[in-house]
Amino acid sequence: MATTEVKTLVSTPVVALARDTDVENGGGSAGGGRPTLSVSKRTVVIVYSLGREAILQVVAEVLGKAWTTVSVLSKVVSGSDAVVLGILNGDFEKTMSEGLGDPSKLLLVNTHCIDDGSFPVDRLSEGCHYEFLYSRETPFFRRDLTRFLSLILGQRRPHDDLANKQRTNFISTTFPDVRAALPNLDILSVGSDAVELRVDLLEEAGSSSNADKRSSTVPSLKYVGQQVMLLRQHTELPIIFTTRCVKENGKFPMEDPALFHKYLRRAIQWGIEYIDVELWLPENIRKDLSEHRGNSTIMSAFHDFSGSWKWTSPEALSLFKEGARYADIVKMIAMVNTIEENYELEYFRSIIKAEYSYPPLSAVNMGQTGQLSRALNTVFSPITHPLLPMIAAPGQLTAAEINKALHIMGQLPKRDMYAIGTFRSTSQSMFMEKCFNELGLPHSVNCIDRGPRGSIESVIMQPGFGGAYVNPPLTSSASYIPSKSDAARAIGSVDTITVTDDETDERQTKFIGENTTWKGIRATLTRDYVPSAYRGRAVIVLSGSESDAAAAIFALRSLDVGTIYTVGFKASGPLAAGLEPFTSIQSVKLVEQPFVIVSALPPEKSLLVQPLLRHYRSSGHSSPPSTRGKVFLDLTNGPRKGDPLRVAASAGWTAYGIDDVNAWTTVETLRVLVGQNVPFDFVRMAAGNGLY
Ligand SMILES: O=C1C[C@@](O)(C(=O)O)C[C@@H](O)[C@@H]1O
């Protein structure tokens, strides 16, 4: 392996990128515990171009903060995250040469609008911790910004969830231009936990005139930046940024390791979730990327195409150890000729599992003979899809092929899944059946009416029972489900029943009562605002009963909101602490400006929220421009009176309806029931087309 010193293209950055930890247990969806937020005291500084100051307002809204502009940074009293600072890029450049003050107290984000075809100069990009490229011409800009800010602030940690998942897949896209993928991206990524962008396969239109020349052309950073932005706007899945070299079936030239360094370093600055770092790269580059990975996850990658490399060789272990030095996941991939080499890989995998608790190994064999290993690998398995222009490596399988192979090998037994409940469960169960087909899962979906007392108990005791979702939910006191997640217990309702084998007794299965609705609500609330935007802010919840509002209250608490004022019910359950009932119309005066209003009113009373939405409209009641963002969540289900969503939108609220929450809840339900990831946009699209 080359360990020679290289001169890299990336100049020493003015600022170092530390891992930001604004949130403990930040994703909020792993485990049952209530996530708690802790405050990071770094001042967010937005570097912007002349004429593009509008970005400051949007960043401030997404963060739920006030903003102001400065012309020098050295005098900034850092250590406060109360206000977002904006600085013009020209002023920032001057301040860079004069000294930034204490850069460890600042989080410098270069922002650049690419609508005019321009791209940031290296000086500016490298002088900042992060960079946000955006287009104002798309409706997805705000969501992309929220996603970017949540990651760089450490408030969204996709890898925490994926590291705990039993099996993870990523789809290797092979498009020369991701625009070709966008119409099919939702269907392409069903069953994927992440999307790989093969940067080396990107081709800029008109960059060369003949195929030979094209194969040696590296796409410009400008083109790559635009492609990253487009892809990220169209998928909620984490992105894997890969610059595969020519020797390992890619197109990046190996003569120039500094080029890899520059692109990968920039990918970290763009807030990409996973960075693929090839193991042959000089150690100083791998080390530098690891030290500056911010909140990105590093995947070490090793490929051998010779056909003579062996999993049984001493080199295999030393390559794993070398990869492990600077990575969070170690990927090892070899071309094989015999079926035995799959067994050798499984033996190697078992040794690594037994001896190294960290980092996890993702290892597969290439070629048709190696396909068995693609089914057996559980950590970030690369997959393909029939709609892709080509496979990314010989022998790649689809998610459905892997699941079918696992089923035949007895690793994925058929289970009977149940939709227990009402009319809605029936249409949702049809959608679930379609997902199972698409994913090649052997399970059946059975719809049953809730029926008399005791009927659920008899269903879950069936030998093939594999799990159920229950709508309307069960009260969490149901004695036949003795184990419940913390969330289900606190909320007081179980909407999903999962089955696990009892580790202490092989013959026993264990039922666990889960609540996925709160996760659906939290996912909805954090699409256009980062989690910390909710911290300490007042909320009003209207509901006919405590139980109808409980999942929303739990989700809001997970975001560390301030006082929750209640209308229409008085809480007395485990979530009651800190809730204040509105007793009369006079109570409205108590709340200066709620950040969130949630209505969980029954349909016939849905109208009652409208006066409040109008009362607190953004242009009316005192609303400083910096905190104008306000969220209305309408959880009312069924034919309603009035049109609260329309009233909210026209009064300046960011409004979400029950359809968004239901789609996110379905995503969570599929994750907990069958461990499969089906993207939100796919669920939403299917729901819109009347599929469920
Ligand atoms: O590392 C890998 C694995 C892979 O080479 C495969 O064998 O499926 C496909 C690549 O796109 C990816 O980066």
Interatomic distance, Phe436 atom CZ to Ser444 atom OG [nearest 0.5 angstrom]: 8.5 Å
Heavy-atom closest pair, residues Asn110 and Pro120: ND2-CB, 3.6 Å
Main-chain N/O of Thr146 paired with Ser150 side-chain donor or acceptor, under 3.5 Å: yes
Any side-chain donor near an acceptor of the partner, Glu196 and Ser172, under 3.5 Å: yes
Residue pairs involving residues 219-246 (criterion ring-ring contact (aromatic ring centres under 6.0 Å, His included); sequence neighbours excluded): Phe140-His234
Proximity of Phe252 and Tyr263 rings by center, below 6.0 Å: yes
Residues Arg244 and Asp200 bridged, charged N to O under 4.0 Å: no
Nearest-0.5 Å distance that lies between atom CD in Gln676 and atom NE2 in His443: 8.0 Å
Inter-residue atom distance Leu264.CG - Glu278.CD, 0.5 Å rounding: 8.5 Å
Shortest non-hydrogen contact between Ile402 and Arg374, atoms and distance: CD1-O, 3.7 Å
Candidates Val218, Thr242, Leu221, Val224 - the one meeting side-chain contact (heavy atoms from CB on, under 4.5 Å) with Val199: Val224
Sole candidate of Gln233, Glu273, Arg142 that passes side-chain contact (heavy atoms from CB on, under 4.5 Å) when paired with Arg147: Glu273
Stepwise side chain to side chain contact (heavy atoms under 4.5 Å, CB included) check, Ile275 with Arg293: CA-CA 9 Å; Ile275 313 293; Arg293 68 190 190 280; over 6 Å; no
Check: Asp160 main-chain N/O paired with Asn164 side-chain donor or acceptor under 3.5 Å: yes
Salt bridge Glu291-Lys287, side-chain N to carboxylate O under 4.0 Å: yes
Donor-acceptor contact present, side-chain Ser290 to main-chain Ala327, <3.5 Å: no
Glu341 and Asn365 side chains, donor-acceptor separation under 3.5 Å: no
Pairwise distance CG(Leu387) to CG(Asn184) - rounded to 0.5 angstrom: 5.0 Å
For Lys321, all residues meeting salt bridge (charged side-chain N to carboxylate O under 4.0 Å, His left out), sequence neighbours excluded: none
Ring geometry between Phe348 and Phe320 (parallel below 30°, tilted from 30 to 60°, perpendicular above 60°): perpendicular
is_close_aromatic(Phe260, Trp280), centroid dist under 6.0 Å: yes
Donor-acceptor contact below 3.5 Å, side chain Gln396 vs main chain Ala392: yes
Lys414 versus Pro442, closest heavy-atom pair with distance: CG-O, 3.4 Å
Check: Asp328/Tyr358 side-chain N/O donor and acceptor closer than 3.5 Å: yes
Heavy-atom donor-acceptor pair, Ser296 side chain to Ile272 backbone, under 3.5 Å: yes
From Cys435 atom SG to Phe682 atom CZ, the distance as rounded to the nearest 0.5 Å: 5.5 Å
Salt-bridge criterion met for Glu344 and Lys310 (N-O under 4.0 Å): no
Salt bridge (Lys or Arg N to Asp or Glu O under 4.0 Å) assessment of Asp186 paired with Arg684: CA-CA 10 Å; Asp186 300 334; Arg684 200 69 178 87; over 6 Å; no
Residue list, salt bridge (charged side-chain N to carboxylate O under 4.0 Å, His left out) with Asp681, at least two apart or on another chain: none
Minimum-distance pair of heavy atoms, taken over all atoms of Ile152 and Gly271: CG2-CA, 4.3 Å
Flag for Ser125-Gln269: side-chain donor and acceptor within less than 3.5 Å: no
Derivation and outcome, side chain to side chain donor-acceptor pair (under 3.5 Å), residues Thr378 and Gln166: CA-CA 7 Å; Thr378 57; Gln166 276 188 351; over 6 Å; no
Centroid separation Phe170 to Tyr274 less than 6.0 Å: no
Centroid separation Phe680 to Trp664 less than 6.0 Å: yes
Straight-line distance of Ile114 CD1 to Arg136 CZ, nearest 0.5 Å: 13.5 Å
Pair Leu202-Asp177, side chain to side chain contact (heavy atoms under 4.5 Å, CB included): steps then yes or no: CA-CA 6 Å; Leu202 293 174; Asp177 181 340; 6.0 Å; no
Asp660 side chain to Thr524 side chain, donor-acceptor N/O pair below 3.5 angstrom: no
Test item: His303 side-chain N/O and Ile333 main-chain N/O as donor-acceptor pair under 3.5 Å: no
Donor-acceptor pair, side chain of Ser300 and main chain of Val330, under 3.5 angstrom: no
Polar contact flag, side-chain donor to acceptor under 3.5 angstrom, Asn677-Arg671: yes
Asp288 side chain to His292 side chain, donor-acceptor N/O pair below 3.5 angstrom: yes
Flag for Asn169-Asp193: side-chain donor and acceptor within less than 3.5 Å: no
Thr217-Glu203 side chain donor-acceptor pair, cut-off 3.5 Å: no
Side-chain heavy atoms of Val190 within contact of Pro679, under 4.5 Å: yes
Salt bridge (Lys or Arg N to Asp or Glu O under 4.0 Å) assessment of Asp304 paired with Lys247: CA-CA 9 Å; Asp304 188 289; Lys247 192 169 154 227; over 6 Å; no
Test item: Ser313 side-chain N/O and Trp309 main-chain N/O as donor-acceptor pair under 3.5 Å: no
Phe175 backbone acceptor or donor facing Thr173 side chain under 3.5 Å: no
Under 3.5 Å: donor-acceptor pair, side chain of Glu248, backbone of Cys245: no
Side-chain H-bond candidate by donor/acceptor type, Arg349 with Asn377, under 3.5 Å: yes
Glu283 bridged to Arg286 by N-O distance under 4.0 Å: no
Mutual orientation of the aromatic rings belonging to Phe132 and Phe148 [parallel < 30°, tilted 30-60°, perpendicular > 60°]: tilted
For Ser373 against Leu345, the heavy-atom pair lying closest together: CB-CD2, 3.6 Å
Heavy-atom closest pair, residues Asn403 and Gly440: CB-O, 3.7 Å
Test log, rule side chain to side chain contact (heavy atoms under 4.5 Å, CB included), inputs Asn337 and Thr369: CA-CA 6 Å; Asn337 304 303; Thr369 325; 5.7 Å; no
